[in-house]
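Only one structure is covered here, and it is reproduced in the block below.
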Amino acid sequence: MREQRSIVQNIDWPLLVIYIALVTMGWLNIYAAVYDPENISLFDLDMQYGKQAMFIGICALVGTVILFTDGKLFPTFSFWIYAFMMVLLVATIFLGKEVKGSHSWLNIGGGFSLQPAELAKFSTCLALARYLGEINIKMDKLQTRLISAALILLPVIIILMQNETGLAIVYFSFVFVLYREGLPGGFLLLGFAVALLFILSLLVEKTILFAIIGAAAILVFMFFGKRRFSRLLRVAAVAGMAVAFTFSVNYIFTKVLKPHQSIRINALLGKIDESNRKIAEKGILYNVNQSKIAIGSGGLVGKGWTKGTQTKYDFVPEQDTDFIFCTVGEEWGFIGSSAVLLLFMTLILRIIYIAERQKAPFTRIYAYGVASILMFHLMVNVGMTLGLMPVIGIPLPFFSYGGSSLLGFTILLFILIRLDSYRMQIL
Amino acid sequence: MKQLSSRQYVIAGLVVAICLTYIGRLFFIQIVDDKYKIMSVNNAIRRIVDYPPRGVIYDRTGKLLVANQAAYDLMVIPNQVKDCDTTELCRLINIDTKGFNDRFAKLKKQKHPWYQPAVFEGQLSGKAYAALQEKLYDFQGFYVQARTIRNYPKNVGAHLLGYVGEVSEKIVKDSSYYLMGDYIGLSGIEKSYEVPLRGIRGVRHVEKDVFNRERAAFADGRFDTLGIAGVDLTSSIDLDLQEYGEKLMRNKIGSIVAIEPATGEILALVSSPTYDPNLLVGHERSKNYVVLLRDTMKPLFNRALMASYPPGSTFKIANALVGQEIGVVTPDTRYSCNRGFSAGGVHVGCHAHASPVDLKFSITTSCNAYYCNVFRSIVEHYKPSEAGYRTWRDYIMSFGFGAKLPSDLPNELRGNVPSAEYYNKMYGKGRWKALSVISLGIGQGEMGVTPLQMANYTATLANRGWYILPHAIKKVGDKPIGVYNPKFGEKHYTKVQKKYFDVVVDAMANVMTNGTGRIAQIDSVVLGGKTGTAQNPHGKDHSIFICFGPVANPKIAIAVYVENAGFGATWAAPIASLMIEKYLKGKTKRPEMEKRMMEGVVLPVYENKTSATPVDE
């Protein structure tokens, strides 16, 4: 009795309320996205919204179970859960059915299937928290960095083998966790610089790019740090690496990336020429265009729930899953979609706030993991519907249709709520 | 630790930055940029134009002149065309791949907005539509728009009725009503009665899905408007007479205009050569148009309104009237004629006839000398003679010459009664006199008259002094034309009194009984007529005849021009006579004459040199 009351008292209600709000809005939008004016029934299990309602029920159950689990079990079993998930991920490659060229779905009977890659996020989060939460772990040691990287990269590699690039990329968001735990900010900057250089080398003439790199190097040497000869060498070395990198970009772009991936990037950069326009328009450019049309046509207040013509009549592909934000934009307008974005922002900021109030490093690190994953999903998913990010097939948390994704995010969030709720019991 | 915990602000800042960037982006595409709203409307809402049927046109007896038939336009929304099986589509609408690409190239050239519908192939037949419709779902971005096009049950009256075509970019730009793809009357009655005929287009907005299927009325039809059907017209044309006139004019160049004098209603308006109006309808329209346009006989040219000829001897009557009104001539005035008129070094020839002649006989026998004298007397009645000329011109213009009447038909020519200024420029001011322009006395020289003006002149003579502007429409819907447009109910009086008309009408009756028009006499009907021959610098003279009847109570006034046919009596008079008989009696009793006229071929010897080229001043 005492235990139960403390859970109710110590639960972070704002998180729970935002969670419920997002899931509800998600369901409403899935309903609207597949809404067919000629065929109206609220809980039809043949329709996505019927199934989603069922998934929500399951998630409510799972969430409740997590809340009533002893919170100490999570740190204790972190590695076991992680190991189990990795085995499951590997097993999926062999046992999973092929869906659109990827082997990431496990058939679990009853016509339903599970995508372990969605669930692997929370296990990786737990494992990372467990490892980095140890008293004697210091982020400035090379060993720590390597082991953390290994923990993160293992699922990435397996998921890439499943051919689910989008879900694999998500794991790179853990770099923010490492940053918070002491990884030098230079790594973030380096990541940013590499991404910038990648895009620039696709957009800008080589000679101009070299000029930019050279100018940047001179500026850095003249105005930052001491003007010593050794520093000059280091700056020159970095600039040289940058130049070398630009050469590799072309190689990566044509040889490493698959054609559909390079087209997505080209589409984003507006670099579609006549030769590949046809392919691009049929596929990715079409999606992004239709998505922008749907959102743009929403105006200030939107067309009203189930009144969206772009989404309702299937102009936007995957409107109930990856492109669910189009429905929000079209039917709820600027006010509604901004509100949803602000709600997500509030959720992530709240998680960061919760993270910082923990005494136990484990919970803090875990919370940062949750925040990073949510941030990455939000950034990529919404950015892609707005034409600001390449099309990477990852869902919008709590909104997109799909049991695995909803379950994955529910578990991720509820473990955090559970961990947070007993923070007072830790000395 | 302290230092590291401040990193939360970096991460939180990043989250806030991302969200604000996205909200900014949302603000731009949802509120600032309208492009997406328009694209969305075009994507998901199909604007279906409800083209109401054009009003049909009946003749004066209630027979159909112009009817409607169903046609189907294949429309395209270029930016929605995807995975099109070009070969199959081309096969269905019977074009080649080049034609397919050309259509898009043309739209591109016109800077047609890619998200707006355009006519891809117009006026498909019902049969072509049936074949296409079954496969239409395969051709994304294409749809069919039903509409009505014209149909002419009798194949007559092409020039009079005019034709309908798609609006040009210029029309769209200049008008607040027309949109690309609309049809508009481009000539004839179709043009002048465009507004009542067309009705008002309606529009429906239908939501459609990505497979191009119509799903539901958009916004419960709140933005829809119902089309209003065009108003039916009753023409003053007599279908049988018109058809008969076209038959008579076969293989001849020229025109016939018949008017009911009391009302100004046009009974027949023939321009020859003509063409089958059904050629300018439907799928083959533009192809046929080009063929007609290139025809050296100029079948598209409406001679009845747009050809200007000298009036020839028919003009003597006008001079007789003006002369009496001014007081330089009385019925008893006599002039001698010795094979013509000679004065001051000017000679105008005449045929052999008794001399001297009085006013009436001068008309009956069409004496040239008499009218040279009359014209000279009129002009020299004033000082200086330029003033006399101006007075004469004012009188002549009161008969409807030298200016657009205007009738209710478009593209009428003004004709020409030369101005004093024209002669001042030609000879120098004060350096010309009556004798310089003496040929005007007998209707030659610079005088230019259209067949319509000539028929109106005849009607004026029949009415003894007044005319109502000629018009081809009797009723617009239920409204008589005089109510619809009061100007077609108004009498226009000439500057000559009625009593002088009585004299010349008498003489015109004599023309028919024992003058130049004997050949055109009809048993039991008293007619008044006048022959004419228009000098043609390009070839053989044009044959002219004007006639009305019955003289006591004129029912029909007619003017006939046959180009390059010589004297008025040879071709124009018999044709006019047959027309009048047909109209007054319902049938003709002179089969030989009818046969001779219908089968006669009067074409210029040398091509491309008809004098009927438009003279536009």
Side-chain angles (χ1 to χ4, degrees), chain A residues 36-38 139 176-177 179-182 185 188 281-282 286 289-290 292-300 302-303 307-317 329-330 333-335 337-338 341-342 344-346 348-349 352-353 355-356 364 368 371-372 374-375 378-379 382-383 386-388, chain B residues 1-46 79-84 115 140 205-220:
Chain A
D36 181 349
E38 289 147 36
M139 207 58 223
F176 290 108
V177 179
Y179 169 71
R180 168 60 185 88
E181 292 309 310
L188 278 188
E281 273 181 353
K282 267 168 78 171
Y286 176 78
N289 253 339
Q290 293 297 336
K292 281 197 279 184
I293 292 172
I295 295 173
S297 68
L300 181 65
K303 297 176 184 170
K307 296 284 191 296
T309 50
Q310 296 303 297
T311 48
K312 187 167 62 179
Y313 294 137
D314 307 335
F315 284 98
V316 184
E330 185 182 16
F334 176 69
I335 293 178
S337 37
S338 301
L341 277 178
L342 290 176
F344 268 110
M345 189 180 88
T346 312
I348 298 168
L349 292 180
I352 294 172
Y353 169 77
E356 292 296 337
R364 181 184 69 235
Y368 268 103
S372 307
L374 287 177
M375 178 172 82
L378 182 72
M379 176 178 79
V382 176
L386 292 173
L388 292 174
Chain B
M1 268 327 250
K2 190 111 190 140
Q3 229 176 353
L4 283 182
S5 89
S6 69
R7 288 186 169 185
Q8 65 176 296
Y9 301 113
V10 175
I11 298 171
L14 200 60
V15 174
V16 172
I18 290 168
C19 285
L20 291 184
T21 307
Y22 286 2
I23 288 173
R25 172 75 168 175
L26 281 171
F27 183 80
F28 181 75
I29 68 174
Q30 292 188 309
I31 297 183
V32 178
D33 197 340
D34 273 341
K35 182 172 76 185
Y36 299 104
K37 285 166 203 73
I38 297 163
M39 284 162 92
S40 149
V41 166
N42 284 292
N43 232 342
I45 295 167
R46 178 178 299 155
N79 74 348
Q80 290 182 13
V81 176
K82 283 196 299 174
D83 313 328
C84 181
Y115 49 81
Q140 277 205 49
H205 296 88
V206 181
E207 291 180 0
K208 58 174 183 164
D209 66 13
V210 70
F211 302 112
N212 227 357
R213 294 173 302 202
E214 292 175 11
R215 295 296 285 264
F218 171 65
D220 300 323

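Residue numbers begin at 1 in each chain, while the letters A, B, ... track the order of the sequences.
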**Prompt:** Could you state the interatomic distance from CG (A/Leu341) to OG1 (B/Thr21), rounded to the nearest 0.5 Å?
**Reply:** 10.5 Å
**Message:** Whether the side chain of B/Arg25 engages the backbone of A/Leu386 through a donor-acceptor N/O pair (distance < 3.5 Å, no angle test) should be reported.
**Reply:** yes
**Asked** Under a 4.5 Å heavy-atom cut-off, does chain A meet the side chain of B/Val10, its backbone, both or neither?
**Response** side chain
**Request:** Nearest 0.5 Å please: distance from the CG atom of A/Leu300 over to the CG atom of B/Leu26.
**Result:** 11.5 Å
**Item:** Proximal component of A/Tyr368, with respect to chain B [non-hydrogen, under 4.5 Å]
**Value:** side chain
**Asked** Contact part of A/Leu349 toward chain B, heavy-atom cut-off under 4.5 Å: side chain, backbone, both or neither?
**Response** side chain
**Fill in**
Between B/Tyr22 and A/Leu378 the two heavy atoms that sit nearest each other are CE2-O, 3.9 Å
**Asked** Out of curiosity, B/Ser6 OG to A/Arg180 CZ, how far, rounded to the nearest 0.5 Å?
**Response** 8.0 Å
**Prompt:** Counting N and O atoms only, with roles assigned by atom type, does the side chain of B/Gln8 sit under 3.5 Å from a partner on the main chain of A/Ile352, one being a donor and the other an acceptor?
**Reply:** no
**Fill in**
In terms of heavy-atom pairs under 4.5 Å with chain A, the winner among B/Asp33, B/Leu14, B/Leu20, B/Val32 is B/Leu14
**Asked** Where does A/Leu374 contact chain B at under 4.5 Å (heavy atoms): side chain, backbone, both or neither?
**Response** neither
**Asked** Between B/Ile18 and chain A, which part of the residue has a heavy atom less than 4.5 Å away: side chain, backbone, both or neither?
**Response** side chain
**Complete:** Whatever's closer than 4.5 Å to a heavy atom in chain B on A/Ile348 counts as side chain
**Request:** Please report the closest heavy-atom contact between A/Ser337 and B/Gln30, naming both atoms and the distance.
**Result:** OG-OE1, 3.4 Å
**Asked** Nearest 0.5 Å, what's the CD-CZ distance between A/Glu356 and B/Arg7?
**Response** 12.0 Å
**Fill in**
Of the listed A/Phe344, A/Tyr353, A/Tyr179, the one with the largest count of heavy-atom pairs under 4.5 Å with chain B is A/Tyr179
**Separation between CE of A/Met345 and CD1 of B/Ile23, rounded to the nearest 0.5 Å** = 7.0 Å
**Prompt:** At their closest point, which heavy atom of A/Met375 faces which heavy atom of B/Ile11, and how far apart are they?
**Reply:** SD-O, 4.4 Å
